[in-house]
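Data first, discussion second: the structure below is written as structure tokens.
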Amino acid sequence: MENCLFCKIIQGDIPSAKVYEDEYCFAFRDINPQAPTHILLVPKMHVANIGEACTLPAKVQTALFAAIEKIAAAEKLENGFRVVSNCGKDACQSVNHLHLHILGGKQMSESMS
Ligand code: 5GP
Ligand code: ZN
């Protein structure tokens, strides 16, 4: 997808701190971390947000969930972590390429909004 920031990061046209990559997924550190560990996990295939995730092939969907587990283990998030995906205007989604925020490394608040 032209002019998509995360497509450019996946392609290496824009540098990022990569933490994980496989055939279907790419993960890198958020440039403005909201927790000691703040990673963005994205499918290499462009879809706008989690509201369109069902349009991804099942193998890509599965790979995303498997990647969460691998990243959490690699980042030693054994005390827990939070996965957030902002979808659309009300959720303040700012980059229109599906991404899962993986947040951890501290005790988080019970509030999620
Ligand atoms: P959203 O607001 O769409 O849920 O999340 C977008 C995230 O992308 C934000 O947390 C923001 O800090 C991050 N971000 C925006 N631009 C860049 C960038 O160029 N590099 C990296 N690593 N993260 C970015
Ligand atoms: Zn994209």
Side-chain angles (χ1 to χ4, degrees):
M1 174 67 72
E2 268 181 50
N3 292 325
C4 171
L5 174 64
F6 288 174
C7 282
K8 288 178 181 167
I9 285 177
I10 293 162
Q11 287 157 13
D13 295 338
I14 292 176
S16 70
K18 181 173 88 170
V19 297
Y20 177 80
E21 182 174 13
D22 62 28
E23 187 178 352
Y24 304 114
C25 310
F26 192 89
F28 53 99
R29 297 198 189 279
D30 196 292
I31 204 166
N32 182 26
Q34 306 292 313
T37 300
H38 186 169
I39 290 164
L40 300 172
L41 170 62
V42 303
K44 289 182 173 178
M45 192 175 290
H46 179 98
V47 292
N49 55 48
I50 200 158
E52 298 181 3
C54 280
T55 66
L56 290 168
K59 61 191 174 188
V60 179
Q61 298 172 18
T62 302
L64 285 168
F65 281 102
I68 291 171
E69 191 176 326
K70 289 176 196 166
I71 292 165
E75 296 289 321
K76 303 192 187 333
L77 300 177
E78 60 271 356
N79 286 340
F81 57 92
R82 182 169 285 168
V83 179
V84 175
S85 193
N86 295 320
C87 181
K89 178 173 162 292
D90 277 5
C92 301
Q93 181 180 2
S94 60
V95 180
N96 290 323
H97 180 128
L98 167 60
H99 49 285
L100 305 177
H101 296 259
I102 301 174
L103 300 146
K106 69 168 189 177
Q107 176 64 59
M108 278 173 272
S109 93
E110 289 185 13
S111 167
M112 284 194 286
S113 64

For C25 against A67, the heavy-atom pair lying closest together: SG-CB, 4.3 Å
T55: which residues meet the side chain to side chain contact (heavy atoms under 4.5 Å, CB included) condition with it, sequence neighbours left out? V47, E52
Residues in side chain to side chain contact (heavy atoms under 4.5 Å, CB included) contact with N32, at least two apart in sequence or another chain: D30, Q34
Taking side chain as C-beta onward, heavy atoms only, is I71 less than 4.5 Å from L41? yes
Heavy-atom distance under 4.5 Å between the side chains of T37 and I102, does that happen here? no
Can you pull out every side chain to side chain donor-acceptor pair (under 3.5 Å) where at least one residue sits in residues 75-84? Sequence neighbours excluded, please. R29-E75
Can you tell me which residue pairs pass the side chain to side chain donor-acceptor pair (under 3.5 Å) test with a partner in residues 100-113, sequence neighbours excluded? H38-H101
Using salt bridge (Lys or Arg N to Asp or Glu O under 4.0 Å) as the criterion, list what pairs up with E21, not counting sequence neighbours. K18, K44
Which residues pass the side-chain hydrogen bond (donor to acceptor under 3.5 Å, both in side chains) test with Y24, sequence neighbours left out? none
Which residues share a side-chain hydrogen bond (donor to acceptor under 3.5 Å, both in side chains) with D22, sequence neighbours left out: Y20
Rounded at 0.5 Å granularity, tell me how far CD1 in I50 sits from CG in L100. 5.5 Å
Contacts satisfying salt bridge (charged side-chain N to carboxylate O under 4.0 Å, His left out) that involve residues 1-10 (not counting sequence neighbours) are none
Give me each pair satisfying ring pair (Phe, Tyr, Trp, His ring centres under 6.0 Å) with a member in residues 48-68, each pair once, sequence neighbours excluded. none
Return each pair, listed once, that meets ring pair (Phe, Tyr, Trp, His ring centres under 6.0 Å) where at least one residue sits in residues 40-62; pairs must be two or more places apart or across chains. H46-H97
Return the set of residues passing ring pair (Phe, Tyr, Trp, His ring centres under 6.0 Å) with F6 (not counting sequence neighbours), or none when no residue passes. F28, H99
To which residues is L103 joined in a hydrophobic cluster, defined by side-chain heavy-atom contacts under 4.5 Å among Ile, Leu, Val, Met, Phe, Trp and Tyr, whether direct or through other members? V84, M108
